[in-house]
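Let me begin by presenting the structure, written as structure tokens, before commenting on it.
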There are 2 protein chains.
Amino acid sequence: MKKSDKIRWSGCPVRYAAGVFGDKWCFVLLRDILLHGKRYYGEFAASEEGISTNILADRLSRLEGDDMLTRHVDPNKRSKVFYLPTRKARALLPAFLGMMVWATEFDENTEAPASFAKAFREDPKAAIAWYEAEIDRVNAGLEYSS
Amino acid sequence: MKKSDKIRWSGCPVRYAAGVFGDKWCFVLLRDILLHGKRYYGEFAASEEGISTNILADRLSRLEGDDMLTRHVDPNKRSKVFYLPTRKARALLPAFLGMMVWATEFDENTEAPASFAKAFREDPKAAIAWYEAEIDRVNAGLEYSS
DNA sequence: AGCGGGCGCTTTCAAATTGCAAGTGAAAAT
DNA sequence: ATTTTCACTTGCAATTTGAAAGCGCCCGCT
């Protein structure tokens with residue numbers, strides 16, 4: 001069960017967003033899926049941040065329940081599982097990239113190249129389209145499955 | 001002490017953003033400050049979501065430590081305290097509004113009017129400017145203080 | 001000057017969540 | 001047939017949360 005019994009974490013757009021990904025681990029999972037081309041459970045588990053597997057499983061199923069991801073058994077190796085971003089998750093890209101621009105400006109330890117923020121500010125639509133195409137490219141190698 | 005000992009929650013822009021406001025309560029506090037014109041401790045405490053005061057105090061000081069807010073004693077009534085958003089917090093507005101557009105599209109229980117998303121999509125800069133002006137307007141009534 | 005109330009926290013303690021480590025069971029590889 | 005890989009699940013200690021009560025300062029009243 002979720003906390004949604006006490007307060008409806010919907011209604012207000014900000015509260016809704018907080019309910020879906022207002023959590024460190026959901027944040028980095030969405031990053032891995034939307035920006036780093038990760039799809040397999042094992043790839044998420046190996047993330048630099050070191051998420052533990054119980055939390056990983058929990059967050060993946062929450063995101064699936066919130067219609068952000070769909071789960072698929074790899075047809076070529078049925079012991080492996082991958083997750084694909086839904087349209088809803090992909091629609092977060094503009095906001096996500098906006099946050100990245102912000103972080104790039106204010107994090108003095110940022111490792112993001114200045115060119116990224118510059119490109120996004122000059123032509124946000126093009127930057128978004130570029131990441132969308134990346135997502136499609138990664139998905140293309142997997143999408144002949146249930 | 002913070003969790004930053006084990007993993008540096010900076011470097012990667014998404015991880016940095018998650019470190020600063022990847023938390024339900026920081027999310028709603030920033031909403032209240034950036035979008036709802038709240039400034040006083042008492043106003044935050046009275047938020048619809050019902051944050052408890054220990055968490056509120058903790059999050060306010062975290063946000064202050066992350067240079068998102070500055071704390072001020074009300075010169076007219078020195079038992080009251082208000083918080084002002086920094087330039088860094090205000091710079092989140094574009095990303096924040098982008099998330100709101102997203103939530104408005106996908107939350108079936110949204111209470112946000114369709115006109116909001118429409119206005120933002122048609123002229124994001126104008127929408128941002130409008131909220132910036134609101135923030136200035138609210139601050140104007142308070143900014144003759146330490 | 002004294003006193004009662006409002007206000008911004010801080011403390012207390014139980015309950016929920018997290019995180020590490022060690023399973024488990026199905027499927028692949030050997 | 002046996003081992004290995006893989007995606008979780010479980011057990012348990014440690015951290016975090018949340019509701020409620022407490023504390024100290026400031027203000028307004030008398």
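Please read all numbers here as calculations on a predicted model, not as lab measurements.
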Identify all side-chain donor-acceptor contacts of residues 25-35 of chain B below 3.5 Å with residues at least two apart in sequence or on another chain.
from, atom 1, to, atom 2, distance (Å)
B:R31, NH1, B:E49, OE2, 3.0
B:R31, NH2, B:E49, OE1, 2.9
B:R31, NH2, B:E49, OE2, 3.3
B:D32, OD1, B:H36, ND1, 3.3

* Asked: Mind checking what makes side-chain contact (heavy atoms from CB on, under 4.5 Å) contact with A:E134, not counting sequence neighbours?
  -> A:W130, A:R137

Rounded to the nearest 0.5 Å, what's the gap from [atom1] on [X] to [atom2] on [Y]? Could you check?
{"X": "A:F116", "Y": "A:R121", "atom1": "CZ", "atom2": "CZ", "result": "9.5 Å"}
{"X": "A:I55", "Y": "A:K24", "atom1": "CD1", "atom2": "NZ", "result": "10.0 Å"}
{"X": "A:T110", "Y": "A:E105", "atom1": "OG1", "atom2": "CD", "result": "11.0 Å"}

* Going through the distances and angles, do B:K118 and B:E122 end up as a salt bridge (Lys or Arg N to Asp or Glu O under 4.0 Å)? -> CA-CA 6 Å; B:K118 190 160 177 286; B:E122 278 172 9; 3.2 Å; yes

* To do: Group every Ile, Leu, Val, Met, Phe, Trp and Tyr by side-chain heavy-atom contacts under 4.5 Å, then state whether A:I135 and B:V14 land in the same group.
  => yes

Rounding to an integer number of Å, can you tell me how far [X] [atom1] sits from [N] [atom2]?
{"X": "B:W25", "N": "D:dT17", "atom1": "CH2", "atom2": "P", "result": "11 Å"}
{"X": "A:D58", "N": "C:dA16", "atom1": "CG", "atom2": "C1'", "result": "13 Å"}
{"X": "A:L60", "N": "D:dC8", "atom1": "CG", "atom2": "P", "result": "7 Å"}
{"X": "A:F82", "N": "D:dC6", "atom1": "CZ", "atom2": "C1'", "result": "15 Å"}
{"X": "B:I55", "N": "C:dT12", "atom1": "CD1", "atom2": "P", "result": "16 Å"}
{"X": "A:Y83", "N": "D:dC6", "atom1": "OH", "atom2": "C1'", "result": "12 Å"}
{"X": "A:L29", "N": "D:dA7", "atom1": "CG", "atom2": "P", "result": "14 Å"}
{"X": "A:L56", "N": "D:dA7", "atom1": "CG", "atom2": "P", "result": "10 Å"}

* For DNA chain C, which residues in residues 39-53 of chain B have a heavy atom at a distance below 4.0 Å? -> B:Y41, B:G42, B:T53

* Asked: Any side-chain N or O of B:R59 less than 4.0 Å from the OP1 or OP2 oxygen of D:dT17?
  -> yes

* To do: Kindly point out which of D:dA20, C:dG19, D:dC8 is positioned nearest to the side chain of B:N54?
  => D:dA20

* Nucleotide nearest B:K80 (side chain, heavy atoms from C-beta), chosen from C:dG8, D:dA7, D:dT17 -> C:dG8

Pairs under 3.5 Å (N/O, protein and nucleotides 24-30 of chain D):
from, atom 1, to, atom 2, distance (Å)
D:dC27, OP1, B:R78, N, 2.7

Pairs under 3.5 angstrom only: tabulate donor-acceptor contacts from the side chains of residues 81-101 of chain B to other protein residues two or more places apart or in another chain.
from, atom 1, to, atom 2, distance (Å)
B:T86, OG1, B:D67, O, 2.7
B:T86, OG1, B:M68, O, 3.2
B:T86, OG1, B:K88, N, 3.3
B:T86, OG1, B:A89, N, 3.2
B:K88, NZ, B:Y16, OH, 2.7
B:K88, NZ, B:D66, O, 2.8
B:R90, NE, B:E132, OE1, 3.1
B:R90, NH1, B:D136, OD1, 3.0
B:R90, NH2, B:E132, OE1, 2.6
B:R90, NH2, B:D136, OD1, 3.0

* Structure fact -> Residues at least two apart in sequence or cross-chain that pass salt bridge (charged side-chain N to carboxylate O under 4.0 Å, His left out) with B:R78, listed by chain then number, are none

